[in-house]
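Atoms considered below: every heavy atom in the structure, side chains included; atoms not considered: hydrogens, waters and symmetry mates. Counting from 1, the numbers follow the sequence of the chain as shown.
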Amino acid sequence: MKFNSVLESLKTYEAGKPIELVVREYGVDPKDIIKLASNENPYGASPKVTAKIQELSKNMFMYPDDSMYELKEALANKYSVASNNIIIGSGSDQVIEFCVHAKCGEDSKVIMSKTTFAMYEIYAKQTGATILKTPDDEHNIEQFKKLYEENGADVIFLCLPNNPLGECLSKEEVYAFLRQVDENTLVIVDGAYQEYASYKDAKKQIQPSDLIHTFPNTIYLGTFSKAYSLGGMRVGYGIGHPEMIKTLHKLRPPFNITTLSLAAAIEALKDEAFVQECIAKNFEEMKQYEAYAKSNNIEYIPSYTNFITYKLPLEYISAQVAQALLEKGIIIRDLTSYGLNAIRITIGRADQNQKVLNALDEVLNSLKTAKVYD
Ligand SMILES: *Cc1c(COP(=O)(O)O)cnc(C)c1O
């Protein structure tokens, strides 16, 4: 059968490996598996959210409130915007899809950093748009400027901070660039890890209300999947100019998040103390990974997120390192598919991090020995 030809060159998104796979293939006991591959919050959801879900499980036969009134009010209040500035998606992934499909077609151009969230390219390619990437792996604002001046663009993606590398442009750099961007170019500011970046360094903080009022051609994306611990519930949002949000709603399927997801997100917003506590622990725990890298001559990218990316020395192959860890029941992310000899590890809980660093040390030592006697 013939399908839309744009799909021919399209790769399927490769998600982090699930616990179930490691149980099936390596026979590891599920309770011994450490999953630090998808940047989930390792502390789990707030107990308040869990309690609410148990209480509401009797409601699952009912469709959710499709206007998502209460969640939008709560987000509007948190970010000092209005409800009509907000659209809710099944993860912020779905909002990316709305944005790209609202803006792009075969003749469109989309600018992004060379090594960034894989879904940007996938959604863009679905429309037949041309992808233009800046030359460096990490975001470099001068390269964005140059590429934009030379080619123009319908959509520009800025991942602040960037997944899978962890770096983050400052607000000042971003604003200086946005001042030069045409009002007909949609700039998508993906703030999936903004809670972490703004905790670590106020200069990296992007405030959605300030962003969209200063630049009506931008949209800010947030998610409940990372700091808010609700990856499995699939809730994200976009904050933009009311006219833009109104257009994006034309692409939204009805009831795009579930009754329980909606309740979980509303409840999670009531427990900001829990989120802040998790973020503080994240950066405390990250220090061990930085120290390990320094003492073993592994280059790492200073991270503004809940993960750290190690660029491995040439004597190691990242896919082999990830595979050896997998066999020990530790799931991390190999970045070979991004063209890098690197691994990305989500910062876990203290007990997990200790085990991960011990296992990594064993793996690196044994791979090194294997090489010597080859
Ligand atoms: C995780 C992530 C998202 C969105 O995740 P959802 O679970 O779909 O909300 C978006 N952008 C980046 C960069 C991410 O890492």
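- Tyr220 has its side chain within reach of Gln194: a pair of non-hydrogen atoms, C-beta onward, lies under 4.5 Å apart.
- For Arg252, the salt bridge (Lys or Arg N to Asp or Glu O under 4.0 Å) partners are Asp66, not counting sequence neighbours.
- Here the closest heavy-atom approach between residue Ile245 and residue Gly238 is recorded as CD1-O, 4.0 Å.
- The backbone N or O of Gly44 lies less than 3.5 Å from a partner atom in the side chain of Ser229, making a donor-acceptor pair.
- At least one side-chain heavy atom of Met233 sits under 4.5 Å from a side-chain heavy atom of Ile53.
- Checked by atom type, the side-chain pair Gln288/Asn353 shows no donor-acceptor distance below 3.5 Å.
- Put simply, the side chain of Leu221 reaches to within 4.5 Å of the side chain of Ile188, judged on heavy atoms.
- The aromatic rings of Tyr148 and Phe177 lie perpendicular to each other, with more than 60° between the two planes, well past the 30° mark.
- Checked by atom type and distance alone, the side chain of Asn163 never pairs as donor or acceptor with a backbone atom of Phe117 at under 3.5 Å.
- Using a 4.0 Å cut-off between charged nitrogen and carboxylate oxygen, Glu20 and Arg24 do not count as a salt-bridge pair.
- Side-chain contact, Thr258 with Ser261: a donor N or O sits under 3.5 Å from an acceptor N or O.
- Between Ile332 atom CD1 and Ile343 atom CD1 the span is 4.0 Å, to the nearest 0.5 Å.
- Thr346 places a side-chain N or O within 3.5 Å of a backbone atom of Leu36 that can act as its donor or acceptor partner.
- One distance of note links CG of Leu21 with CD1 of Ile331; it measures 7.5 Å at 0.5 Å rounding.
- Across Val235 and Ala265, no two heavy atoms sit closer than the pair CG1-CB, 4.1 Å.
- In this structure, a donor-acceptor pair under 3.5 Å is absent between the side chains of Tyr196 and Asn282.
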Audit row: Asp32, Asp29, side-chain contact (heavy atoms from CB on, under 4.5 Å) steps and yes/no:
CA-CA 5 Å; Asp32 294 330; Asp29 191 328; 3.5 Å; yes
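- Listed for the Tyr338 side chain is no donor-acceptor partner under 3.5 Å among the backbone atoms of Lys114.
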Run the numbers on Glu290 and Lys294 for salt bridge (Lys or Arg N to Asp or Glu O under 4.0 Å), then give the verdict.
CA-CA 6 Å; Glu290 294 171 343; Lys294 279 181 193 146; 5.2 Å; no
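- Side-chain atoms of Asp190 and Tyr120 form a donor-acceptor pair, as typed in the model, at a separation below 3.5 Å.
- At least one donor-acceptor pair under 3.5 Å links the side chain of Glu167 to the backbone N or O of His139.
- For the residue pair Lys200 and Tyr304, no side-chain donor N or O sits within less than 3.5 Å of a side-chain acceptor on the partner.
- The salt bridge (Lys or Arg N to Asp or Glu O under 4.0 Å) contacts involving residues 354-364 comprise Lys328-Glu362, where partners must be two or more places apart or lie in separate chains.
- In the hydrophobic clustering of this structure, Leu75 does not group with Ile87; members are Ile, Leu, Val, Met, Phe, Trp, Tyr whose side-chain heavy atoms approach within less than 4.5 Å, directly or through other members.
- The local environment of CD in Glu106 is sparse, with at most 12 non-hydrogen atoms from other residues, nucleotides or ligands closer than 6.0 Å.
- Following chains of ILVMFWY side-chain contacts shorter than 4.5 Å, one cannot reach Leu325 starting from Ile19, and the two form parts of different hydrophobic clusters.
- Residues Lys311 and Asn341 form no side-chain contact, since every pair of their non-hydrogen atoms from C-beta on lies 4.5 Å or further apart.
- Between Ile239 and Ile212 the shortest heavy-atom distance is O-CG2, 3.4 Å.
- Judged purely by atom type and a 3.5 angstrom limit, Lys226 has no side-chain atom pairing as donor or acceptor with the backbone of Asn41.
- Side-chain N/O atoms of Asn59 and Thr259 include no donor and acceptor closer than 3.5 Å.
- Smallest separation of non-hydrogen atoms from Val155 and Thr185: N-CG2, 4.4 Å.
- Shown here for Leu364 and Tyr316, the closest heavy-atom pair between the two residues is O-CE2, 3.3 Å.
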Between Arg333 and Leu335, is a side-chain contact (heavy atoms from CB on, under 4.5 Å) present by the stated rule, with each step listed?
CA-CA 6 Å; Arg333 196 69 189 256; Leu335 299 183; 4.0 Å; yes
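- For the pair Val181 and Val187, the minimum side-chain heavy-atom distance is below 4.5 Å.
- Here the side chains of Leu248 and Ile219 are in contact, with some heavy-atom distance below 4.5 Å.
- Between the side chains of Glu183 and Asn217, no donor-acceptor pair of N or O atoms lies under 3.5 Å.
- For the pair Glu267 and Lys270, the salt-bridge criterion is met [side-chain N within less than 4.0 Å of a carboxylate O].
- For the pair Ser303 and Met286, the minimum side-chain heavy-atom distance is below 4.5 Å.
- Aromatic ring pairs are classed by plane angle as parallel below 30°, tilted from 30° to 60° and perpendicular above 60°; the pair Phe307 and Tyr193 is perpendicular.
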Chi angles and distances behind the side-chain contact (heavy atoms from CB on, under 4.5 Å) call for Asp137, Thr116:
CA-CA 8 Å; Asp137 287 309; Thr116 190; over 6 Å; no
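- Evaluation of the salt bridge (Lys or Arg N to Asp or Glu O under 4.0 Å) test over residues 34-44, restricted to residues two or more places apart or in two chains, returns Lys35-Glu40.
- Not a single donor-acceptor pair under 3.5 Å links the side chain of Glu195 to the backbone N or O of Val275.
- Residues meeting the side-chain hydrogen bond (donor to acceptor under 3.5 Å, both in side chains) test with Tyr175, sequence neighbours left out: Asp210.
- For the pair Pro164/Thr115, a side-chain contact is recorded, criterion being any heavy-atom separation below 4.5 Å from C-beta on.
- Atom CG of Leu360 and atom CD1 of Ile345 lie 5.5 Å apart (nearest 0.5 Å).
- Side-chain atoms of Gln352 come within 3.5 Å of backbone atoms of Arg349 as a donor-acceptor pair (strictly under, hydrogens ignored).
- With sequence neighbours excluded, the residues satisfying side-chain hydrogen bond (donor to acceptor under 3.5 Å, both in side chains) with Lys103 are Asn184.
- A side-chain hydrogen bond (donor to acceptor under 3.5 Å, both in side chains) check over residues 78-98, counting only residues at least two apart or in different chains, returns the pairs Glu73-Ser83, Lys78-Tyr228, Lys78-Glu272, Tyr79-Tyr237, Asp93-Tyr123, Gln94-Asn256.
- In this structure, Ile111 is a member of the same hydrophobic cluster as Leu211, with clusters built from ILVMFWY side-chain heavy atoms closer than 4.5 Å.
- A donor-acceptor contact shorter than 3.5 Å links the side chain of Thr127 to the backbone of Ala124.
- A donor and an acceptor atom, one from each side chain of Gln143 and Asp136, are located under 3.5 Å apart.
- There is a side-chain donor-acceptor pair under 3.5 Å between Glu173 and Ser170.
- Nearest approach of Ser318 to Asp334, heavy atoms of both residues: OG-OD1, 2.7 Å.
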Full working for side-chain contact (heavy atoms from CB on, under 4.5 Å) between Val110 and Leu132:
CA-CA 6 Å; Val110 178; Leu132 304 169; over 6 Å; no
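- Note: the hydrophobic cluster containing Ile330 also contains Leu312 (ILVMFWY, side chain heavy atoms under 4.5 Å, direct or indirect links).
- Taking a cutoff of 4.0 Å between a charged side-chain nitrogen and a carboxylate oxygen, Lys145 and Glu142 qualify as a salt bridge.
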